[in-house]
Structure formats: C-alpha cells, structure tokens
S.K.: 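Quick one: this structure, given as structure tokens, is what I'll be asking you about.
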Amino acid sequence: MNEKLTKELEIQTQNFRGLITEYCRLESVAAQNRMMPETANWVEKLLKDTGFETQQIPVAGAPNYVYGYKKGKSDFTLLLYNHYDVQPETPIELWESAPFEVVERDGKLVARGISDDKSELISRICAMRAILSADGELPISIKWIIEGEEEIGSPHFDALTREHADLLKADGALWEGGGFNEKDQAELAVGFRGMLYVEYNVEVMKKDAHSGGAHALPSGAWRLLKALASIKDDNGKVLIPGFYEHVREPNESEKQALQDKADPEMEEKILVLYGIQSFNDNKRGYELEELVFEPTANIAGFLSGYTEAGVKTVLPAKAMAKMDFRLVPEQNPDDILEKLKSHLKAQGFEDVQVRKLGGAEPVVTPIDGAFVQRIKRICQAFNEQEPEINPLVGGTLPLLEAMKKNVGILGISTAGNPVYYGSGAHAPNEHIRLSDMPRAIKFNVFMLTELGGM
Ligand SMILES: [Zn+2]
C-alpha cells in the first residue's frame with residue numbers, strides 16, 4: 001500500500017463513525033415497514049457521493065432495491081450485496097441504551113443493525129473512498145445491490161433477479177461477510193444451508209373448554225405436541241421418511257476445511273456465551289463441525305392455551321407452532337414439505353394443518369473454484385495467515401437460490417465486516433468492537449486492489 005493510499009485510508013477510517021451513526025439512526029425495520037424509503041434514499045445518496053451511477057429499482061410489494069455501478073480500471077466486475085433493513089429492536093427493555101442511537105461503551109459501538117450489516121456497507125464505502133481519493137479510480141468495476149428485505153427472508157429477490165438479471169451479472173460476487181476469527185484468520189464462507197419454514201395449526205374443538213372436562217374432551221395442545229414429537233427421535237434424528245434421501249457427505253476439500261476450522265478455544269467461548277455445559281451429543285472438534293452437514297428440525301415457537309401470569313384452568317381447543325428445517329446439500333425445500341405432509345398423514349395427524357411460510361435451497365460454491373481460491377490467496381496475503389474456510393454456514397441466505405437460478409452467479413462471503421462471534425446480531429445490545437473497524441476497512445482496500453491485479 002503506497003503512502004498516499006495509507007494516508008487516505010486513515011482519513012476515511014476517521015469518517016466511519018459519523019457515517020455509521022447517521023445510518024443506524026434510520027430505523028429500517030423491514031418486519032414493521034419502518035423508514036424504508038428514507039433509508040433507501042440515504043443509501044443511494046451515499047453511493048452517488050462515492051461516484052456510483054445509482055438507481056432505485058422498484059419491485060411490486062417490496063421496498064425499493066438500491067443499485068449502484070461504478071466502472072473501474074480492470075474489466076473484472078465484482079458484485080457486492082448488502083441489505084439496509086434490520087431486525088426489530090424488541091425486547092426493548094434489554095437494551096442498555098436507545099437501540100437506534102450509536103453509543104460507545106467498553107470499546108464497542110452499540111446499535112441495532114450495526115453488525116448485521118450496516119457496518120459492512122460503511123466499511124466498503126470508506127475503503128472505496130480511500131482508493132478513489134488516492135488514485136482517482138477503482139481497481140475493478142463494482143456492481144452493488146442493496147435490498148430492504150433480508151431480515152424477512154428476501155421474499156422479492158426472485159422477482160428482482162428474474163426482471164434484472166443483466167444488471168447483476170458479474171465475474172464474482174461477495175455476499176454480506178464476516179470478520180476475522182479469534183485467531184485473526186479472515187473468515188471465508190462458501191456454502192449456506194437452505195431452509196423450509198412452516199407453521200402448524202390444529203383445532204380439535206370449536207372453542208376452548210373448562211379443564212374440568214379434560215377427561216372427556218380433546219386438547220389442541222396435546223394433539224400438536226404429539227404431532228411434533230413424531231418428527232424427531234430422542235437422538236435428534238428426523239423421522240420423516242425420505243428426509244435424508246438427498247443429503248450428501250462433505251467432500252474431501254470440505255472435510256479438510258472442517259478439520260482446519262475446529263477450534264477448542266472457540267468452543268469454550270461459545271459454551272460460556274450460552275451458559276451451557278456441553279454441545280448436543282457431547283460433540284467436540286471435527287465431529288461438532290461436521291454436524292453442520294446434517295439437516296435440523298427446530299421448533300421456533302409454540303402457542304396454545306393460557307400463558308400469562310398465574311392460574312387459568314383452560315382446555316385449549318387450538319395450538320400453533322412454527323418450525324424451521326435447515327437443509328443441507330442436496331435437499332430441496334418443496335420436496336421436504338411434501339415428505340413432511342405425507343409423514344403427518346401416515347402418522348394419523350391429518351387434522352394438523354401445515355403451511356409453508358418460506359423456503360430456500362442450500363447453495364454451495366466449490367472450494368476449488370477459481371474465485372474462491374483467488375480470495376483465499378488475498379486473505380492469506382493480507383495478514384500472512386491462512387483464512388478460516390467455512391464450507392457450510394449453519395444459517396441461510398435466501399437470496400442465493402435466486403442468484404444461482406436467475407443470474408447464474410455463485411458467490412461467497414469473506415472478511416470486511418468489523419464483526420466478531422459476540423456481536424449479537426438480531427439480539428439486544430448488538431455491537432461491533434471499535435478495534436475491529438480499521439482492519440475491516442483496510443481489508444476491503446487490500447482486496448479490491450489485489451482483485452485489480454488479476
Ligand atoms: Zn444480514
């Protein structure tokens with residue numbers, strides 16, 4: 001990095017704080033449709049002020065997508081993805097300061113959305129501004145798509161990519177990223193699990209009854225509990241016939257990555273973070289890492305009967321539950337939905353209604369591919385440490401399926417967001433560590449410069 005760029009990087013690093021404060025003040029909660037146009041306008045202006053050609057892309061039913069393009073020195077075009085929406089701030093009583101006001105506390109900047117993923121957008125902007133001030137031009141061409149619905153599952157990304165595939169075509173893509181792990185390795189994620197999200201409803205009587213009648217009348221709560229219990233055995237195996245049919249084993253490169261990723265110190269930190277003694281099945285090390293290649297059935301919520309304070313002797317007629325299945329390569333959400341419905345029917349639970357609320361396919365970019373290997377070398381060159389490669393992230397990026405199917409693009413995510421394992425995305429007191437921020441911006445400068453040298 002030359003002297004001029006180093007100096008500009010320092011100046012832009014100083015600007016981070018002001019920009020992130022303004023950005024977090026915009027209460028862009030997608031689930032409640034709060035301040036979405038204001039936030040889209042703010043983001044568009046930020047890109048425009050950085051020299052991007054910008055537009056807001058309307059898609060029926062969605063807050064506008066913000067799109068930017070900036071031609072650079074080389075023909076290589078990188079697609080960047082971010083989202084300007086955030087999770088709701090509830091439960092608000094657990095926040096130690098106002099959720100949408102960036103506050104510095106114990107070396108941390110605290111605010112809703114700061115780690116997921118407003119800081120990444122600002123870090124990328126600061127990096128580009130440093131390069132532009134030093135050099136007048138970006139080393140590569142950038143396309144940037146920023147949506148306002150990630151936190152509610154990107155329901156219109158399929159429509160966006162079908163209507164605007166050409167705008168999004170690129171030579172490589174970076175989704176929202178991570179940071180550096182506790183061993184200072186850059187994080188590089190190449191695969192993401194899919195998901196099937198369902199809601200169950202059961203109604204066994206037309207109204208609730210006095211629980212003095214429980215000897216004679218059916219219970220909606222017991223009915224749904226038994227249906228849910230039929231889905232998983234005591235060892236955590238899913239009992240839906242055919243559920244594991246398309247599950248594939250990790251390949252050799254993925255196994256190697258899992259092996260390298262296993263970190264006993266990190267495992268200890270996670271146990272402390274959640275206040276637990278052990279992981280499921282007492283798994284540790286490689287065995288624990290490898291579990292991510294197994295699909296899950298998680299009860300996200302259950303509602304029935306009386307759940308307020310004190311006593312109310314009621315026999316509930318109805319029960320409702322929500323469940324997410326995290327799917328692994330090569331499972332398909334619609335196939336699993338059909339198998340789930342057949343299973344409940346076969347078990348005699350025809351009365352349990354199943355409704356699909358969301359779905360996404362797992363998407364994996366091969367580790368051995370050219371773009372992944374290029375980014376891997378860049379990470380390595382940045383701080384002379386091998387990056388930590390995550391072959392399959394436990395969570396889901398719902399937009400990846402649409403990107404793959406409609407645009408033909410596979411992407412990855414890498415360092416460049418000043419986050420760490422304790423940032424508390426989606427939780428109260430979400431934060432970043434101030435000390436991680438300069439490195440995130442510097443990494444983005446380094447990566448963009450290196451990609452220009454391809
Ligand atoms: Zn996010």
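Atoms within a ligand are numbered from 1 in the order they appear, just like the ligands themselves. All figures in this text were calculated on a predicted structure; none of them were measured in a lab.
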S.K.: With a cut-off of 3.5 Å and sequence neighbours excluded, list every side-chain donor-acceptor pair involving residues 273-289.
M.R.:
{"residue": "R284", "atom": "NE", "partner": "E267", "partner atom": "OE1", "Å": "2.6"}
{"residue": "R284", "atom": "NH2", "partner": "E268", "partner atom": "OE2", "Å": "2.7"}
{"residue": "E289", "atom": "OE1", "partner": "K261", "partner atom": "NZ", "Å": "2.9"}

S.K.: Could you list all the ring pair (Phe, Tyr, Trp, His ring centres under 6.0 Å) pairs where at least one residue sits in residues 86-130, not counting sequence neighbours?
M.R.: none
S.K.: Tally of protein N/O/S atoms under 2.8 Å from the Zn ion (ligand 1)?
M.R.: 4
S.K.: Between F52 and W144, does the ring centre distance come in under 6.0 Å?
M.R.: yes
S.K.: Of all residues at least two apart in sequence or in a different chain, which pass the salt bridge (charged side-chain N to carboxylate O under 4.0 Å, His left out) check with D106?
M.R.: none
S.K.: May I ask you to decide whether R248 forms a salt bridge with E330, counting only side-chain N to carboxylate O separations under 4.0 Å?
M.R.: yes
S.K.: More than 12 heavy atoms of other residues, nucleotides or ligands under 6.0 Å from NZ of K143: is that the case?
M.R.: yes
